[in-house]
Amino acid sequence: MEKGSINVQTAPDVPNALNIGMTHRAAVQPLSVEQVHFEIDMCIGCDRCMRACPVPLSSQVSIAELNHATVSSEVASHVVRFTDECVMCGSCVSVCPVDNHRDLLMLSLKQRLGIPWDGQVDLAHVWGDLPEGWTVELLLQALREQPLFQDRQLVPDNYLLHFIATSQLRILTPGTELMREGEFGREIFFLLDGLCEVFSQGTDAADMPMAILRRGEYVGEQGMLTGQARNITARVQRIATVLVVPEQVMQRLIEIVPAVQDLFEQSGNARAVVTILSRLDLFQDLPQEELQQLAGQAALKRFDRSAQLFSEDQQNQPERESFHLLLDGFVKVARKTGRPQPPERIIAYRQRGDYFAGGLDMLGDRRAVTVTAITRVIVAEFSRAQLKSLLLRYPAFKERLQERVHLYQEAKVAANSAVFEPFDPAALQTSVANLVSEAEARAGLHALVDDGVVEGTEVLVIDLDKCIHCNECEDACERRHGHSRMNREGMVVGNISIVTACRQCQDPVCLLCSRAGIGRKPSGEVYITESCIGCGICAERCPYDNISIVPLGEEADEAVAPQTWQRFSRFFSKGAGKERGRRALPMAQSVLASGPLQLDQADALSEMRKKIAIKCDLCAGYGNQACVQACPTGAAFRTNPGSFFGSTEDILRSRTR
Ligand SMILES: Nc1ncnc2c1ncn2[C@@H]1O[C@@H]2COP(=O)(O)O[C@H]2[C@H]1O
């Protein structure tokens, strides 16, 4: 390894360096210079932090080198790289015998070294792969035609060179599909030359042309920003040169230059609204120009899980007559009971296409409600004037809106029935058996929603009437993958047990990995990639505890996972019996190679990897699912929660009958 060093003369003013790769620790505060020196003085050099560190390169850096770099102006180049690769997972903190905050010491080093993209760019492989007629200068020029990159002060050439070096340039022939509606993907495609047509499947399944894209435009930002399936199909119309940018590269640019995100959202939001509106029954038949105008004026708001969109406590807020349309996600509509138990009464669940007049439940009784995001949610807000103008000019639109309100008012009867009402102890005396089952049903059904089961695209369930508790499902999983990725005991609703295993969420928050260690196939399976280092950030993000971290090498059971990559592959494919691994490592290649956006480290990483995340990926790469295949009574099966339990509204309504 090259051991040259760079000289860090002064502490540069790099506020952004604090944010890079840090969305999981947004509130972190750096140490003061005195605290840094104090902690370095305290360090006894035992090396436990480096041994606990999941970053493969940590095995090449000694604690003495790291301490020296942290308090001096000399930083060896391999320490620079290690500092860049540190993901701030905090694994080093709990093992420190003197309670040092090694993660914060790393943060101070990151801050001093500045933004990694300021450094030299290795363009060797770019030159090697350049299509005929293209030079790096031409590439830069073509990228500058993108509105996102027009400001050289914000996005200097060097950042764009890093951007190019970590992306892929492709020449695509007419007819090639860049993306297909309904498939999952998080790359972004920058059109440098040629033409692309985008269309959506209309309500009658016919192609609905949406736009023709030309050089200077891009597609794919919505998949990246929302995690949802692609909302249109994009196909090359005239031979096209496209820069395919992996999500992590785009995220890094956004972290370094936050203004890029604003531009990205502004231009992306309007077309997202058009696309979503043109699919909603309510807006059918409205001309495209009308939708475009509406979208241009809409204010878009994003809410994280558990955030409140409206609350009954906000008197007349938001403005009662503004129209709030749920563009994406899933919310819970509730009203406070004023009692300690239960504190709220759930009125309904609402999803994409549903709407509110300000903070009122327009679809129920038009009174104020508390609305909480169950998944990440996007809301478009339109003014009363905008809506009124549509109602006046489009009688069919008005009629549909009225029909919808009517429909929901009917549903209100169900909403007031036992499933939603607070538990009534007086009634218990009249019919114990019935009420207990009502209470159970209520608890179970709300749990289905609150526990995010309805968010899954594939849920493993066990029919308890058929299950003989032989544990074959878990054993088969362990035989195939070396470690069981499921726990058959999970939430029980009626006679169904919802197994603790990844549900391949519609909006998987685990996917925000700066190393591309977790990915999603176009068909929706979320899988651990060969770039995973087992830092545990995805496991922390998973709201359902469905990702585990297993140590490899010395820490792991020698028989299971000895030290090298070759043994690591065995770890994943070891087995016995019919599920024995037949194929190579069941981790697909990510677009990026291993490491944080470095293209040349795959082999080195394989040798040095210390830990790995494991999760159910529906047995990607196998012809069947081990758990389902192994069940002797057919009790275990995979299902789409929407089709199995019905939509959330259906579930809740049907149980009231
Ligand atoms: N109305 C539209 N006009 C042009 N492009 C669109 C429109 N709607 C969506 N897109 C783009 O098509 C992409 C499909 O994949 P994404 O949903 O990731 O992101 C989407 C946008 O980039």
Side-chain angles (χ1 to χ4, degrees), residues 146-149 167 172 176-192 194-203 206-237 240 242-251 254 260-280 283-284 286-298 300 302 325 327-329 352-353 375-378 380 457 506-508 511-512 519-524 526 591:
Q146 296 278 341
L148 294 180
F149 307 136
S167 304
L172 302 173
T176 310
E177 267 182 14
L178 291 182
M179 61 189 60
R180 178 173 288 199
E181 185 174 334
E183 289 191 347
F184 291 90
R186 291 167 80 104
E187 309 89 6
I188 299 183
F189 300 82
F190 287 90
L191 199 56
L192 306 184
L195 291 181
C196 243
E197 51 182 342
V198 298
F199 50 89
S200 164
Q201 216 156 64
T203 38
D207 286 349
M208 183 164 67
M210 305 289 298
I212 300 284
L213 304 181
R214 8 194 122 243
R215 59 188 292 159
E217 297 191 85
Y218 57 83
V219 270
E221 80 291 348
Q222 287 159 34
M224 187 197 97
L225 293 174
T226 67
Q228 300 292 315
R230 302 294 194 188
N231 65 10
I232 53 158
T233 300
R235 186 182 296 144
V236 174
Q237 198 183 54
V242 178
L243 190 70
V244 186
V245 182
E247 176 196 2
Q248 286 75 16
V249 177
M250 197 67 222
Q251 292 284 12
I254 285 173
V260 167
Q261 166 124 358
D262 301 337
L263 286 165
F264 211 28
E265 285 185 351
Q266 275 163 25
S267 60
N269 282 349
R271 58 187 190 183
V273 179
V274 173
T275 310
I276 298 172
L277 293 187
S278 50
R279 285 231 196 81
L280 295 178
F283 292 86
Q284 286 307 307
L286 258 66
Q288 195 75 4
E289 307 78 64
E290 194 73 73
L291 297 183
Q292 251 146 15
Q293 209 181 351
L294 201 59
Q297 295 163 350
L300 279 214
R302 292 169 198 277
L325 178 67
L327 294 182
D328 227 333
R352 173 190 276 215
T375 59
R376 281 191 289 188
V377 166
I378 308 179
T457 56
Q506 289 175 34
D507 169 20
L511 281 186
L512 279 169
R520 177 166 228 180
K521 299 198 163 185
S523 44
V526 177
V591 177

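We count ligands from 1, going down the list as the structure has it; atoms in each ligand are counted the same way.
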> With a 4.5 Å heavy-atom cut-off, do Ile378 and Ile276 have their side chains touching?
Replying inline: no
> Hey, which residues fall under 4.0 Å of ligand 1 on heavy atoms?
Replying inline: Met179, Val198, Met210, Ala211, Val219, Gly220, Glu221, Gln222, Gly223, Arg230, Asn231, Ile232, Arg271, Thr275
>> Around atom CZ of Arg302, are there more than 12 heavy atoms from other residues, nucleotides or ligands closer than 6.0 Å?
In response: yes
>> Looking at Gln293 and Glu290, would you say the former's side chain and the latter's main chain have a donor-acceptor pair under 3.5 Å?
In response: no
> Any sub-3.5 Å donor-acceptor pair from Gln146's side-chain atoms to Glu217's backbone N or O?
Replying inline: yes
> Quick one: does Gln284's side chain have a donor or acceptor within less than 3.5 Å of a partner on Ser278's backbone?
Replying inline: yes
>> Checking Gln261 against Glu265: is there a side-chain donor and acceptor pair closer than 3.5 Å?
In response: yes
